[in-house]
Amino acid sequence: MSQNDNGAIAVLPAAPAPLHHRLHAYIDVAVVVAVLICTNLIAHFTTAWASIVTVPIAAIVLLAMVRRRGLGWAELGLSPRHWRRGSVWALAAVGVVLTAVAIGALLPITRPFFLADRYATISGALIASMIVIPLQTAIPEELAFRGVLHGTLDRAYGARGVFAAGSMLFGLWHVASSLGLTNGNKGLSGILGSGVAGQIMGIGLAVIATAAAGAVFTWLRRRSGSLLAPIALHWSVNGAGALAAALVWHTTLR
């Protein structure tokens, strides 16, 4: 691993791995993807408690599993050597997102998109932003996708595989959570409608948007060498969005 002229963390090209090593890498990717699929189904289609604890537990299990398979802390974005650089990128990412969210919440044309029913109260948005989103979403999802999946894909397919497959899988991960997206968002339901066709289009847009976000998270992960940056960006997008939604609801109803 080295640092190029632009300051990016880069992995130096290595000699082609023996066939059995590549086979092990492919198996690791298949197992990680299978665990993620099962995790997603359990979290969204079983019990309320499962929706709370399944993703964090699965992220920890996956981390332990790939560590036993030989992935190093640097491959997982968890090396202390990159914490300082990751912190700098994390602060920059949060600053950009907070600015964008503030502008979006203030502009009349974009304000309706912040009217998500789940964040209609200030107290609910605070709990979601400070507790639920970081512990249930941002940290475990980044650990699973930009940590474990990133590391296994990188070994098997290299950077192109990480960006293409990792981003696509992250987009598909959000299909289940987007099933009621248009019904719970005034801005989206106003454009797409609240019927079946609107719901399908809403899911499609969510998949495309989250796949694009996954590519940005992956870029940050590789640029900084640390999970701190994508975790911070992930939290700020969801957490700041939740707080902005509550403020927009509060000011709209007054």
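Computed from a prediction, not measured in an experiment: that's the story for all the values here. The figures that follow rest on heavy atoms only: side chains count, while hydrogens, waters and symmetry mates do not.
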Solution key, residues 208-219 side-chain donor-acceptor pairs under 3.5 Å, sequence neighbours excluded:
| unit_1 | atom_1 | unit_2 | atom_2 | d |
| --- | --- | --- | --- | --- |
| T210 | OG1 | A206 | O | 2.6 |
| T210 | OG1 | V207 | O | 3.2 |
| T218 | OG1 | G214 | O | 2.8 |

Item to check | Residues L228, W83; criterion side-chain contact (heavy atoms from CB on, under 4.5 Å); working and verdict | outcome: CA-CA 7 Å; L228 292 176; W83 285 354; 4.1 Å; yes
Item to check | Connected hydrophobic set around I57, excluding itself, where side chains approach under 4.5 Å | outcome: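 Listed partners: W49, I52, V53, V61.
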Item to check | Residue pairs, two or more places apart or on separate chains, that pass salt bridge (Lys or Arg N to Asp or Glu O under 4.0 Å) and touch residues 125-153 | outcome: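 Sorted result for residues 125-153: E142-R146.
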Next on the checklist: Under the salt bridge (Lys or Arg N to Asp or Glu O under 4.0 Å) definition, can you give me all pairs with a residue in residues 202-211, not counting sequence neighbours?
Outcome noted: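 Pairs touching residues 202-211 that pass the test: none.
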Item to check | ring-ring contact (aromatic ring centres under 6.0 Å, His included) partners of W73, counting only residues at least two apart | outcome: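 By the ring-ring contact (aromatic ring centres under 6.0 Å, His included) rule, W73 matches no residue at all.
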Checklist entry - Mind checking what makes ring-ring contact (aromatic ring centres under 6.0 Å, His included) contact with F163, not counting sequence neighbours? => result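 Testing F163 for ring-ring contact (aromatic ring centres under 6.0 Å, His included), a comparison that skips the adjacent residues, returns none.
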Checklist entry - Only one of L41, T47, I42 clears side-chain contact (heavy atoms from CB on, under 4.5 Å) with T54; which? => result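 With T54 as partner, L41, T47, I42 yield a single side-chain contact (heavy atoms from CB on, under 4.5 Å), made by I42.
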Checklist entry - Can you name the nearest heavy-atom pair linking S178 to I203, along with the distance? => result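 In terms of heavy atoms, the two residues are closest at O-CG1, 3.5 Å.
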Item to check | Nearest non-hydrogen partners of L78 and L63, listed with the distance | outcome: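 Heavy-atom minimum between the residues: CD1-CD1, 4.0 Å.
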Item to check | By side chain to side chain contact (heavy atoms under 4.5 Å, CB included) - contacts of A164 (at least two apart) | outcome: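 A164 satisfies side chain to side chain contact (heavy atoms under 4.5 Å, CB included) with no residue once adjacent residues are dropped.
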Item to check | Pair R84-S87, side-chain contact (heavy atoms from CB on, under 4.5 Å): steps then yes or no | outcome: CA-CA 5 Å; R84 182 176 179 180; S87 298; 5.8 Å; no
Next on the checklist: Just so I know, are the side chains of L143 and I231 near enough to count as touching, which here means a heavy-atom distance under 4.5 Å?
Outcome noted: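 A side-chain contact under 4.5 Å is absent here.
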Next on the checklist: The criterion is side-chain hydrogen bond (donor to acceptor under 3.5 Å, both in side chains); which residues satisfy it with R67, sequence neighbours excluded?
Outcome noted: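 Listed in chain order: nothing, the list is empty.
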Item to check | Residues forming a side-chain hydrogen bond (donor to acceptor under 3.5 Å, both in side chains) with D28, sequence neighbours excluded | outcome: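 Per chain and number, D28 pairs via side-chain hydrogen bond (donor to acceptor under 3.5 Å, both in side chains) with R69.
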Return all side-chain donor-acceptor pairs below 3.5 angstrom for residues 120-140, not counting sequence neighbours, or 'none' if the list is empty.
| unit_1 | atom_1 | unit_2 | atom_2 | d |
| --- | --- | --- | --- | --- |
| T121 | OG1 | G124 | N | 3.1 |
| S129 | OG | G239 | O | 3.3 |
| Q136 | NE2 | S51 | O | 2.8 |

Item to check | H44 side chain to N40 backbone, donor-acceptor under 3.5 Å | outcome: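 Present.
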Checklist entry - If you measure only the distance, is there a donor-acceptor pair under 3.5 Å linking the side chains of H150 and R222? => result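 A pair is found: one side chain offers a donor N or O, the other an acceptor, under 3.5 Å apart.
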Would you be so kind as to tabulate the donor-acceptor pairs closer than 3.5 Å made by side chains of residues 91-108, with sequence neighbours excluded?
| unit_1 | atom_1 | unit_2 | atom_2 | d |
| --- | --- | --- | --- | --- |
| T99 | OG1 | G95 | O | 2.9 |

Checklist entry - Would L149 and V33 count as a side-chain contact (heavy atoms from CB on, under 4.5 Å) if you check the C-alpha gap in whole Å, the side-chain angles of each, and the deciding distance to 0.1 Å? => result CA-CA 8 Å; L149 183 63; V33 171; 4.2 Å; yes
Item to check | Check against side-chain contact (heavy atoms from CB on, under 4.5 Å), H82 and L227 | outcome: CA-CA 9 Å; H82 301 137; L227 278 184; over 6 Å; no
Item to check | Residue pairs, two or more places apart or on separate chains, that pass ring-ring contact (aromatic ring centres under 6.0 Å, His included) and touch residues 126-146 | outcome: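 Listed by first then second residue: F145-F170, F145-W173.
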